[in-house]
Enquirer: 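So that we are looking at the same thing, I have put the structure below in C-alpha cells.
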Amino acid sequence: MIVILGNVFLYTSIFAVLLFYTDVYKKIINSHVKFINIIYLLSIVPFFLLVLGFGISDLSIINVFQNSYVDDPFLFKITSVWGSHEGSILLWIFLINIYGIIFLRKNTDKQIHKQIIFISSLFIIYLVISSNPFENVNANSIEQGMGLNPILQNALFVIHPPTLFLGYIGLLIPFVLSSHILITKNFSEDLFTQMLYWSKISWFFLTLGIVLGSYWAYSELGWGGWWFWDPVENISLIPWLLNTALIHSLQVSIKNNQLKLWSLNLALYGFIASVFGTFLVRSNLIVSVHSFATDPLRGLFLIIIIGYLFLVTIRLNLKSAKYFNQDTFNLISKESFLLMNNIFFIAAALTVFIGTIYPLFSELFFQSSVSIGAPYYNFSFNLLLAPIILLMAFAPQINWSKHERKNNNSLYIILFSLILGLVFYYFLSNFYFAFSVFLTAPIFLKSGMMLFKVFPKNKEFASQWLGHLSIGLFIIAAIFTEQFDYEKNISFKKDDTSQIFLDSETEVVLKNIQDIDFQNHQKILVSLSVLQNGNEYILSPSKNIYQPSGQVTNEVGTANNLLHQFYATISTIESDQVNLNIVFKPLINLLWISAIMLIFSIFLSVIKRK
C-alpha cells in the first residue's frame, strides 16, 4: 500500500505542476496561491509515507529492506530514511517544499514560486527516473532487513543531515529572489531585505549542520580530529563561505545601494554550490566516509540539473553586467572593508573547490591519480583566513561611506597584539600558536569592549561582535589543540592491574572488559581509569558488532577535564590483550564552546526585531 501511495503522490505532484505551468489549474481553482499550496503539500506527502514505511519496517519496500533492520531502535529506523541515497533525495524535495510553504506566507509572487516549483520538479523527476524509493520487493517472511550502516547509528545522525540540508536548501530562496530581480529588473530594497533574511536562516542551519557533522566525525570515527579536509566536509564548507560573503555584501546593498551585482551573483552561485555538493556525494566520484557508494548514472541526472542551473546563472550574469554602474566608495569605509572581506571569502571558497575537484579532473583528463591533503588546505586556506580575521576586528567600527578618524586606537591594538604574540612565542616556543594570538587579539579587545556597550541597546550589532569573538576563540582553540595534543599507544593484558604512565603526571589503569548485548548489536566495552593530579577520569571506548551485517565499529571513549579532554579508542582486542590509543586534546572543549557561540550569534541576528 505504501509503495502504491508513494508513487501516486510523486506522479500526482508532477501532474499538478503541469497544470500550474499551463494555467489549466485556473479552471479548477482560481487562486494561484491556493494551487501553489496544493503543489507543495502534494510534494511533501511522499516523505511522510517513506518515514511510515521505515517506522513499521515494511520490508516490501526495497529501500526499507536495504537500509533498515527490524531490531534497530525505532529512532534509527526513522533516520534510516535519510541514510539511503533515495531517502536523502526525498528529504531534499520535502525541505524544498517546506521552504516553499513558509516563503509563500511572506511572498506570494507567482513567478518566484514558479522557480521553486520547477526546481523541486527537477528533483522529483530525477527521483522517479533513477532513484525511486517506492519500489516493491518480494521479501521472504524470514528476512529482517539489511540494516542501516553502523557508522550512521549515532544520535547525531538523527539531526545532522536534516540540519545541513536545511542550510543547503535555504539558499534556494536567495537564488530565486536573485534571478527574479535580474529578470524583472526590480531592484527594490524589500527584495534585498528578504534575501538577507533567508540567507541568515540558511547560514544558521549550515553552521549548525557543519558543527554537528564535525562533532559526529570526531566522536564516532575515532580519528581524534575535528576536521579532516574530507571531500564531503569541503563541499559543505563552500556554500557556507559563499553565503557568509553574501550576507556581508547584502548589508552594503541594502544600506547604500552598492555591491548589488556582487550580492545577486553570490546568491546564484551559493545555491549552485549546494546542488554541486549533492551531486558529488551521490555520484560515486569521490572517496569519503560520508559519501553514498551508488550508481554513477544517478550522478549524471544531477549534473544535468546543475548544468541547467549553471546555464541560467551565466545568462543572468551576462544580463546583469549592464544594470549597474561601477560601485564607488572611499577606500577607508565599511563598504571597502566588506568588499575586501568578500574577495577573501570567495578566494577561500575557490581554494577549497579546486582542492576538492582537482583529483577528479586529473584522473579524468590525465589518467593520473592525485591526492590533495591537509598540507595544501592548511597553507592556502589559512593564508586567506589571516586577512579575514584582521578585517573582523576593525571593519565593524568603520563608518559607512567615509570614515572619520576619531580616537583611532587601531595602531595601539595591533602593537599590543604583536607584543602579546611574542610573549606567547617566548614561553611556548610555537610560532603557529603565537601567530594565532597576534591575529585574534584585536578581535578579543574590540569585541570585548563593544559587546558590553552595545548588547542592551542593539542585539543585531551585539550578534555581530559575538560572532566575531567566537571565531577568535575558535581559532585559538583549534591551533592550540593541533599544536599541543599528544597521544600514546598502550597495551594491557587482560585482568592486568598495572599502571601505564602517559606523562609524569598522568597514569592509566585498566578497570575491566565487558561484553554487553543490545537489541541490534554486541558491545565489547573497555573501562579505563585516568589519574591526573589527584583526579580520576573514566574512559569507556568500545567495539560494537552490529547485526545483521556483522560489521564492527570503533566507539570513542572521552572524559573531560574542564576545557581539555582525554580521548580513547580500541586499536585491537586479542585473546589475552587489549591495545588502545589515548589522546590528550587540550582546549578541544573551548573549540566546541566557541562553535556554539557562533551558532547563537547567528540565531540572534535571525530573530532580531526591526
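Predicted model, so just to flag it, every value in this text is computed and none were measured. Residue numbers start at 1 and run along the sequence shown.
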Enquirer: So do the side chains of Leu152 and Thr79 get within less than 4.5 Å of each other, counting heavy atoms only?
Expert: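 No - every pair of side-chain heavy atoms lies 4.5 Å or more apart.
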Enquirer: CZ/Phe438 to CG/Leu420 distance, rounded to the nearest 0.5 angstrom?
Expert: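 The CZ atom of Phe438 sits 11.0 Å away from the CG atom of Leu420.
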Enquirer: Answer whether the closest heavy-atom distance between the side chains of Ser274 and Ile169 falls below 4.5 Å.
Expert: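 Side-chain contact under 4.5 Å: no.
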Enquirer: Under a 4.5 Å cut-off applied to non-hydrogen side-chain atoms, are Phe518 and Asn544 in contact?
Expert: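 Sidechains of Asn544 and Phe518: no contact.
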Enquirer: Check Pro586 against Thr481 and note the closest heavy-atom contact, atom names and distance.
Expert: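 Looking at all heavy atoms of both residues, the shortest contact is O-OG1, 2.7 Å.
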Enquirer: Provide the closest heavy-atom pair for Leu241 versus Ala348 in the form atom of the first, atom of the second, distance.
Expert: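 In this case the closest contact between Leu241 and Ala348 is CD1-C, 3.9 Å.
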Enquirer: For Asn342, check side chain to side chain contact (heavy atoms under 4.5 Å, CB included) against everything at least two apart and list the hits.
Expert: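 Per chain and number, Asn342 pairs via side chain to side chain contact (heavy atoms under 4.5 Å, CB included) with Ala245, His248, Ser249, Trp262, Leu266.
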Enquirer: Got a donor-acceptor contact below 3.5 angstrom from the Ser214 side chain to the Ile210 backbone?
Expert: no
Enquirer: When the ring planes of Phe566 and Phe584 are compared, do they come out parallel, tilted or perpendicular, using 30° and 60° as the limits?
Expert: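 Rings of Phe566 and Phe584: tilted, 30 to 60°.
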Enquirer: Tell me the closest heavy-atom pair linking Asp72 and Lys77, and the distance in Å.
Expert: O-CE, 3.3 Å
Enquirer: Show which side-chain atoms of residues 380-392 pair as donor or acceptor with protein atoms under 3.5 Å away, not counting sequence neighbours.
Expert:
{"unit_1": "Ser380", "atom_1": "OG", "unit_2": "Tyr376", "atom_2": "O", "d": "2.6"}
{"unit_1": "Asn382", "atom_1": "ND2", "unit_2": "Asn378", "atom_2": "O", "d": "2.7"}

Enquirer: Do side-chain atoms of Asn581 reach the backbone of Ser571 as a donor and acceptor pair under 3.5 angstrom?
Expert: no
Enquirer: What are the two closest heavy atoms between Ile538 and Ser540, and how far apart are they?
Expert: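 Heavy atoms of Ile538 and Ser540 come nearest at CG2-OG, 4.0 Å.
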Enquirer: Assign the ring pair Trp92 / Phe123 to parallel, tilted or perpendicular, where the plane angle (0 to 90°) is split at 30° and 60°.
Expert: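 Ring orientation, 0 to 90° scale: tilted.
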Enquirer: Donor-acceptor pair, distance only, cut-off 3.5 Å: does the side chain of Ser178 make one with the backbone of Phe175?
Expert: no
Enquirer: Please round to the nearest 0.5 Å and tell me the distance separating atom OH of Tyr168 and atom OG1 of Thr163.
Expert: 12.0 Å
Enquirer: Any side-chain heavy atom of Ile173 within less than 4.5 Å of one from Gln194?
Expert: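 A side-chain contact under 4.5 Å is absent here.
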Enquirer: So which atom in Leu95 and which in Pro162 form the shortest heavy-atom distance, rounded to 0.1 Å?
Expert: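 Minimum heavy-atom contact is CD1-O, 4.0 Å.
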Enquirer: Indicate whether the side chain of Asn589 and that of Asn560 have a donor and an acceptor atom separated by less than 3.5 Å.
Expert: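 Yes, side-chain donor-acceptor contact under 3.5 Å.
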Enquirer: Apply side-chain contact (heavy atoms from CB on, under 4.5 Å) to residues Leu196 and Ile247 and explain how you reach the verdict.
Expert: CA-CA 6 Å; Leu196 177 61; Ile247 288 166; 4.0 Å; yes
Enquirer: Throw together a table of side-chain donor-acceptor distances under 3.5 angstrom for residues 422-432, partners on residues two or more places apart or in other chains.
Expert:
{"unit_1": "Asn430", "atom_1": "OD1", "unit_2": "Tyr432", "atom_2": "N", "d": "3.2"}
{"unit_1": "Asn430", "atom_1": "OD1", "unit_2": "Phe433", "atom_2": "N", "d": "2.9"}
{"unit_1": "Asn430", "atom_1": "ND2", "unit_2": "Gln483", "atom_2": "OE1", "d": "3.0"}

Enquirer: Phe444 versus Leu469: any side-chain heavy-atom pair under 4.5 Å?
Expert: yes
Enquirer: Is it true that Asn97 and Ser120 share a donor-acceptor pair across their side chains at a distance under 3.5 Å?
Expert: yes
Enquirer: Which heavy atom in Gln551 sits nearest to a heavy atom in Pro150, and how many Å separate them?
Expert: OE1-CD, 3.3 Å
Enquirer: Could you please spell out the steps behind the side-chain contact (heavy atoms from CB on, under 4.5 Å) verdict for Val352 and Trp229?
Expert: CA-CA 9 Å; Val352 177; Trp229 295 111; 4.2 Å; yes
Enquirer: When rounded to the nearest 0.5 angstrom, what distance separates OG1 in Thr506 from CG in Asn533?
Expert: 7.0 Å
Enquirer: Donor-acceptor check, side chain of Tyr269 to backbone of Thr313, threshold 3.5 angstrom: yes or no?
Expert: no
Enquirer: Could you check whether any side-chain heavy atom of Asn234 comes within less than 4.5 Å of a side-chain heavy atom of Trp227, counting everything from C-beta outward?
Expert: yes
Enquirer: Under the side-chain contact (heavy atoms from CB on, under 4.5 Å) criterion, do Ile593 and Leu563 qualify, and how do the steps go?
Expert: CA-CA 9 Å; Ile593 291 170; Leu563 297 176; 3.9 Å; yes
Enquirer: Out of the candidates Phe47, Phe165, Tyr99, Trp82, only one should pair with Phe94 under the ring-ring contact (aromatic ring centres under 6.0 Å, His included) rule; please name it.
Expert: Phe47
Enquirer: Are Phe474 and Met597 close enough, and set up right, to give a side-chain contact (heavy atoms from CB on, under 4.5 Å), and what steps lead you there?
Expert: CA-CA 10 Å; Phe474 185 90; Met597 286 174 57; over 6 Å; no
Enquirer: Atom CG of Leu604 and atom CZ of Phe204: how far apart are they, to the nearest 0.5 Å?
Expert: 10.0 Å
Enquirer: Rounded to the nearest 0.5 Å, what's the gap from CH2 on Trp226 to OH on Tyr215? Could you check?
Expert: 15.0 Å
Enquirer: Side-chain contact, heavy-atom cut-off 4.5 Å: Leu598 with Ser601?
Expert: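 Result yes, sub-4.5 Å side-chain heavy-atom pair found.
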Enquirer: Out of curiosity, Leu246 CG to Ile346 CD1, how far, rounded to the nearest 0.5 Å?
Expert: 10.0 Å
Enquirer: So with a 6.0 Å cut-off around CZ of Phe484, is the heavy-atom count from everything else above 12?
Expert: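 Yes, CZ of Phe484 has more than 12 neighbouring heavy atoms, counting only those of other groups under 6.0 Å.
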Enquirer: For the pair Phe157 and Trp216, name the ring-plane relationship: parallel under 30°, tilted 30 to 60°, perpendicular over 60°.
Expert: tilted
Enquirer: Would you mind reporting whether Tyr537 and Gln565 have side-chain heavy atoms less than 4.5 Å apart?
Expert: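 When only atoms from C-beta onward are counted, Tyr537 and Gln565 do not touch, as no gap falls below 4.5 Å.
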Enquirer: Angle class for the His468/Trp465 ring planes (parallel below 30°, perpendicular above 60°, tilted otherwise)?
Expert: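 Answer is perpendicular, since the angle exceeds 60°.
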Enquirer: Does Lys585 pair with Asp485 as a salt bridge, N-O distance under 4.0 Å?
Expert: yes
